[in-house]
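Taking it in order: structure first as structure tokens, then the write-up.
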Amino acid sequence: MPSTRSYDDYCLPGSVFFERPAPSLPGEGFPELPLPPGEWTVRESADWRMAMPNGADLPEQGWKLHVSATPATAAGTLAIVADYCVRERLPFKHLPSPASLLRRNSKYAGRGGSGKFVTIYPRDFTAAAADLSQLLLGRPGPYILSDRRIGDGPVYARYGGFRSLTVDGVPAIRRPDGVLVPDVRSPAFQLPDWVTLPPILDRPRVRTELPYRVTGALHFSNGGGVYRAERDGRTVVLKEARPHAGLDVAGNDAVHRLKREHEVLCSLAGIPGIPVAYELFEAWEHTFLAMEEIAGIPLGRWIAVHSGLYGPDDTAYRRRATAVAGQLDALVAAVHERGWVIGDLHPRNVLVGADDTVRLIDFECAEPIGSGRVATLGVPGFRAPPGTRGADLDHHALAAIRLTFLVPLTPLLELAPEKLGTHLRYARDLPAATAKRLRDAWQPTRAEPEWPGPDPVAALVRALHATATPERGDRLFPGDIEQFRSGGAGFGHGAAGVLHALAAAGEPLVPAYGEWLRSAEPPAAAGFWTGTHGVAYVLDRLGYEDRADVLLDLHTLPEGPDFAGGLAGAGLTLLDIATRRRTGELIDRAVTIAERMAAQDGDLPAGLLTGWSGPALFCLRLFERTYDDRWLSEAARLLDRDLARCPFELDSGRQYLDGNRRLPYVGTGSAGVALVAAELAPHLPDAAAVQALPELRQACMSRLTAYPGLMQGRAGLLLAAPGQSVQSLELHAVRYADGIAFPGTTLRRLSMDVDGGTAGILLALVKSLPFFTPPTPGHPAGPNRKESEPWKAFSNSRN
């Protein structure tokens with residue numbers, strides 16, 4: 001799943017769904033390029049404007065040039081590059097608008113693409129590199145982290161793909177032996193082992209030696225890093241700022257904000273809970289601030305650990321939360337007394353020590369209290385309404401944090417302000433002034449939906465139909481931003497999963513939906529959740545068997561064993577289709593996949609999508625179709641591997657332990673183990689995972705989850721531990737058209753997909769998941785089964 005910061009670009013104003021940023025509108029983009037008429041072709045997408053000389057052909061891969069720029073110099077830099085490329089007839093592409101450049105270089109943009117403004121595809125790399133580095137010498141631009149710099153200007157280079165090749169759903173390049181391998185696009189220069197570095201790039205990077213010894217990295221953003229370091233026996237925190245990078249909406253870069261933070265910390269010296277600033281200095285081209293290391297964990301993490309979300313009694317937690325909130329109020333008041341507004345106050349900037357002592361960090365957005373300036377950065381749910389100024393910026397954040405102590409879903413209020421009433425009701429006992437400030441800020445204008453209402457299934461179905469867009473080619477239903485990467489057809493995030501959910505709810509197929517899926521661009525890789533197998537699974541059930549067969553053979557099998565994108569999901573698809581078609585050939589293929597899968601080893605994150613639970617389910621279903629006991633034993637063995645990563649705790653049951661995070665969910669978490677253990681129970685009631693079912697289900701009884709969805713939220717817990725009330729979904733239910741929908745990851749937009757959106761919650765309500773119901777009614781499986789003659793013939797066809 002993408003990082004939550006990756007969602008910012010897809011939260012377009014005016015849309016309640018995630019949308020790909022649109023190409024620039026007339027007047028908003030960079031000036032038209034000086035291209036000879038009739039000799040060049042320009043194609044514009046949401047991300048790039050591509051210019052190709054007519055008749056030119058791009059090779060698959062090679063050395064490409066990148067040019068960076070600042071908002072102030074971008075138009076001039078582009079004019080120089082375009083003039084050179086036209087003269088040399090070199091294909092190139094550039095970001096289409098100043099807004100897209102600002103997004104690319106913003107603080108929370110992806111670091112792998114940081115700084116890239118123009119990409120040039122040269123025939124003679126060395127000549128073009130030398131020419132452009134001279135033409136652009138002295139023009140400023142952020143450092144491109146993925147590349148090697150040429151000269152002292154804004155020109156960089158890396159070896160990578162020119163055309164859109166993929167392997168396992170990611171960009172690819174071809175090795176000399178013809179095999180496609182991932183084209184790694186990380187925020188560090190990487191050279192494929194078969195490629196030689198050109199002499200023009202073989203220049204050592206001269207860096208000023210840091211006066212500190214870095215001992216660890218704490219955090220990275222597009223604006224720089226935060227590190228733990230030592231000097232003269234003292235441990236400090238080093239905060240790094242990259243020039244021209246990490247831009248905010250006012251165009252200020254990370255260096256500007258770090259210098260402001262140094263000024264603020266010096267002004268706040270002596271206030272307990274505020275770190276001491278030691279020195280501001282430059283090393284290489286970056287600015288660094290050395291400051292006191294503050295002990296504690298971020299407030300959001302403190303809430304997750306101590307909130308009692310997994311226990312029936314939260315009285316003690318409420319007392320602690322009230323005390324911590326009071327400390328935070330006092331500390332912010334002390335900052336105001338010194339004449340500063342923090343301006344970007346949120347739970348990640350609040351640290352809580354082991355003794356519940358509160359500290360504040362990150363003052364890079366602070367402003368003089370009387371400046372009248374608005375915030376230039378902000379975190380959804382904690383940023384004040386537009387136009388808020390001065391101390392009210394922090395007062396709003398304090399009110400939102402008070403609510404977050406008890407209902408940590410505040411980003412949802414920006415999408416659906418009407419949910420504030422429900423959140424306040426769940427919170428209980430908030431100070432009246434806090435509740436009033438929140439009501440004044442969010443100003444709900446419409447009533448909440450009735451949940452669950454007389455027929456929640458029908459309400460979700462209505463919302464799904466209301467969002468369908470069969471006229472669009474990129475997606476049929478809005479979902480997570482993953483659908484813009486892997487395509488709109490997939491099961492987990494695209495149309496296939498939504499159509500499966502509608503069918504599970506008893507809805508007849510809308511012909512336009514089926515035709516959309518049949519003709520949609522197939523995913524770029526095999527696998528069930530985001531690949532071709534998930535689409536084939538649904539198409540086969542809809543009657544499009546010929547198209548399903550094409551997709552089953554479109555890509556080579558994945559490498560990993562997991563359910564989401566690996567062998568387990570592919571094998572389960574073949575088994576399901578084989579059972580309905582009564583064909584032994586697909587069973588043979590499934591057995592081959594299972595044997596390949598069972599030979600694999602290694603630690604996986606426990607859960608249905610990511611762990612050994614999915615492979616265990618595959619082996620269990622294979623046993624039920626072949627009656628080969630080795631697959632039953634293998635199912636129990638694989639499930640035990642996930643169970644071993646789910647330690648038991650008295651107050652919270654068995655949860656998957658990922659570092660210091662406890663995850664009870666279906667996709668990654670102990671609820672996925674519970675679902676498969678329940679399927680195993682009729683066959684092996686004494687298996688360890690079956691015996692652990694009460695403890696696994698205990699972990700599903702949390703009072704609150706951040707997300708409502710199937711794979712990483714409340715709906716999956718309802719499915720894994722039957723008998724729970726669906727009333728707990730009330731906190732997330734949002735009115736849409738004449739139905740009810742649910743937000744996806746980040747809570748900032750509605751999603752209709754299966755993985756984290758409305759369709760997945762629909763599957764939980766109708767208690768249906770792929771491969772979790774017997775595929776052949778009338779053919780019971782288990783030790784006391786009786787085989788019918790047709791089933792015997794099907795089973796024996798393998799021998």
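As the structure is a computational prediction, the values presented were derived from the model and not from experiment. Quick note: numbers below take in every heavy atom, side chains included, and nothing from hydrogens, waters or symmetry partners.
With sequence neighbours excluded, no residue satisfies salt bridge (charged side-chain N to carboxylate O under 4.0 Å, His left out) with Glu450. Every residue two or more places apart in sequence or in another chain that forms a side chain to side chain donor-acceptor pair (under 3.5 Å) with Arg383 is listed here: Glu414. In terms of the side chain to side chain donor-acceptor pair (under 3.5 Å) criterion, residue partners of Asp642 (sequence neighbours excluded) are, by chain and number, Ser613. Looking at residues two or more places apart in sequence or on another chain, you find a side chain to side chain donor-acceptor pair (under 3.5 Å) between Tyr544 and Glu515. Residues meeting the side chain to side chain donor-acceptor pair (under 3.5 Å) test with Arg462, sequence neighbours left out: none. With sequence neighbours left out, the salt bridge (charged side-chain N to carboxylate O under 4.0 Å, His left out) criterion links Asp640 to no other residue. Evaluation of the ring pair (Phe, Tyr, Trp, His ring centres under 6.0 Å) rule for His732 yields no partner, not counting sequence neighbours. Residues passing the salt bridge (charged side-chain N to carboxylate O under 4.0 Å, His left out) test with Asp603: none are found, sequence neighbours excluded. In terms of the salt bridge (charged side-chain N to carboxylate O under 4.0 Å, His left out) criterion, residue partners of Arg472 (sequence neighbours excluded) are, by chain and number, Glu19, Asp474.
Rounded to the nearest 0.5 Å, atoms CZ (Phe17) and OH (Tyr736) are 3.5 Å apart. To the nearest 0.5 Å, atom CG of residue Leu704 and atom CG of residue Leu409 are 5.0 Å apart. For the atom pair Leu460 CG and Leu765 CG, the distance stands at 6.0 Å (nearest 0.5 Å). Of the inter-residue distances, the one linking Gln724 atom CD with Arg697 atom CZ reads 10.5 Å to the nearest 0.5 angstrom. One finds the CG atom of Leu729 at 5.5 Å from the CG atom of Leu718 (value rounded to the nearest 0.5 Å). Within the model, atoms CZ of Arg475 and CZ of Arg20 stand 11.0 Å from one another, a figure rounded to the nearest 0.5 Å.
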- Start with the C-alpha gap between Thr745 and Tyr707, add the side-chain angles, then the distance that decides, and say whether side chain to side chain contact (heavy atoms under 4.5 Å, CB included) holds. CA-CA 7 Å; Thr745 300; Tyr707 299 131; 4.0 Å; yes
- Message: Is there a side chain to side chain contact (heavy atoms under 4.5 Å, CB included) between Gln483 and Asp753? Walk through the geometry before answering.
- Response: CA-CA 9 Å; Gln483 69 178 198; Asp753 67 22; 5.6 Å; no
- Message: Under the criterion side chain to side chain contact (heavy atoms under 4.5 Å, CB included), I'd like the reasoning laid out for Lys419 against Glu448: C-alpha separation, chi angles, the key distance, then a yes or no.
- Response: CA-CA 6 Å; Lys419 298 303 300 181; Glu448 285 192 77; 2.8 Å; yes
- Task: Assess whether side chain to side chain donor-acceptor pair (under 3.5 Å) is satisfied between Gln698 and Ser652, documenting all intermediate values.
- Result: CA-CA 6 Å; Gln698 180 187 350; Ser652 56; over 6 Å; no
- salt bridge (Lys or Arg N to Asp or Glu O under 4.0 Å) evaluation trace for Arg103 with Asp8: CA-CA 9 Å; Arg103 287 195 301 267; Asp8 292 351; over 6 Å; no
- Query: Does the side chain to side chain contact (heavy atoms under 4.5 Å, CB included) test come out yes or no for His493 and Val754, once each step is laid out?
  - Reply: CA-CA 6 Å; His493 304 286; Val754 163; over 6 Å; no
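Taking 4.5 Å as the limit, every side-chain heavy atom of Thr530 sits out of range of all side-chain heavy atoms of Pro523. Contact of the Leu639 side chain with the Trp612 side chain is not registered, since no non-hydrogen atoms from C-beta on lie closer than 4.5 Å. A 4.5 Å side-chain heavy-atom check between Leu554 and Pro522 finds at least one atom pair inside the cut-off. Residues Leu415 and Arg748 are not in side-chain contact: their nearest non-hydrogen atoms beyond the backbone lie 4.5 Å or more apart. In this structure, the side chains of Leu643 and Leu696 come closer than 4.5 Å at one or more pairs of heavy atoms. Side-chain atoms of Arg662 and Tyr656, non-hydrogen and from C-beta on, never get closer than 4.5 Å to each other. Side-chain contact between Pro478 and Ser751 is absent, with no heavy atoms from C-beta onward closer than 4.5 Å. Here the side chains of Leu731 and Leu412 are not in contact, with every heavy-atom distance at 4.5 Å or above.
For residues 666-675, the pairs satisfying side chain to side chain donor-acceptor pair (under 3.5 Å) are Thr610-Thr668, with sequence neighbours left out. Identified under the salt bridge (Lys or Arg N to Asp or Glu O under 4.0 Å) test for residues 725-737, with sequence neighbours left out: Arg425-Glu730. For residues 444-476, every residue pair satisfying the ring-ring contact (aromatic ring centres under 6.0 Å, His included) rule, not counting sequence neighbours, is listed here: Trp451-Phe742, His465-Tyr513.
No donor-acceptor pair under 3.5 Å is formed between the side chain of Arg654 and the backbone N or O of Ala644. Panel note: side chain Asp658, backbone Arg661; no donor-acceptor pair is recorded below 3.5 Å. Counting only distance, with no hydrogens or angles, the side chain of Gln712 and the backbone of Gly756 share no donor-acceptor pair below 3.5 Å. Listed for the Thr469 side chain is a donor-acceptor partner under 3.5 Å among the backbone atoms of Leu476.
The aromatic rings of Phe491 and Trp529 sit tilted relative to each other, their planes meeting at an angle between 30° and 60°.
Contact between Ala764 and Ala715 at its shortest, heavy atoms only, is CB-O, 3.5 Å. Heavy-atom minimum distance, Gly602 versus Arg641: O-NH2, 2.9 Å. Of all the heavy atoms in Val535 and Ala489, the pair that sits closest is CG2-O, 3.4 Å. Scanning all heavy atoms of the two residues, the minimum distance from Thr746 to Pro411 falls at O-CB, 3.6 Å. Residues Ala741 and Leu750 come closest through the heavy atom pair CB-CD1, 4.1 Å. Across all their heavy atoms, Leu675 and Ala720 have their closest contact at CD2-CA, 3.7 Å.
In summary, of the residues considered (Tyr10, Tyr7, Phe484), a ring-ring contact (aromatic ring centres under 6.0 Å, His included) with Phe18 occurs for Tyr7 alone.
Glu418 and Thr445 share no donor-acceptor pair across their side chains, judged by distance under 3.5 Å alone. One side chain, Thr579 or Arg625, offers a donor N or O that lies under 3.5 Å from an acceptor on the other.
Electrostatic pairing of Arg581 and Asp549 counts as a salt bridge here, judged by a charged N lying under 4.0 Å from a carboxylate O. Salt bridge Asp576/Arg541: present, at least one basic N to carboxylate O contact under 4.0 Å.
Aromatic ring centres of Phe618 and Phe528 lie farther apart than the 6.0 Å criterion allows.
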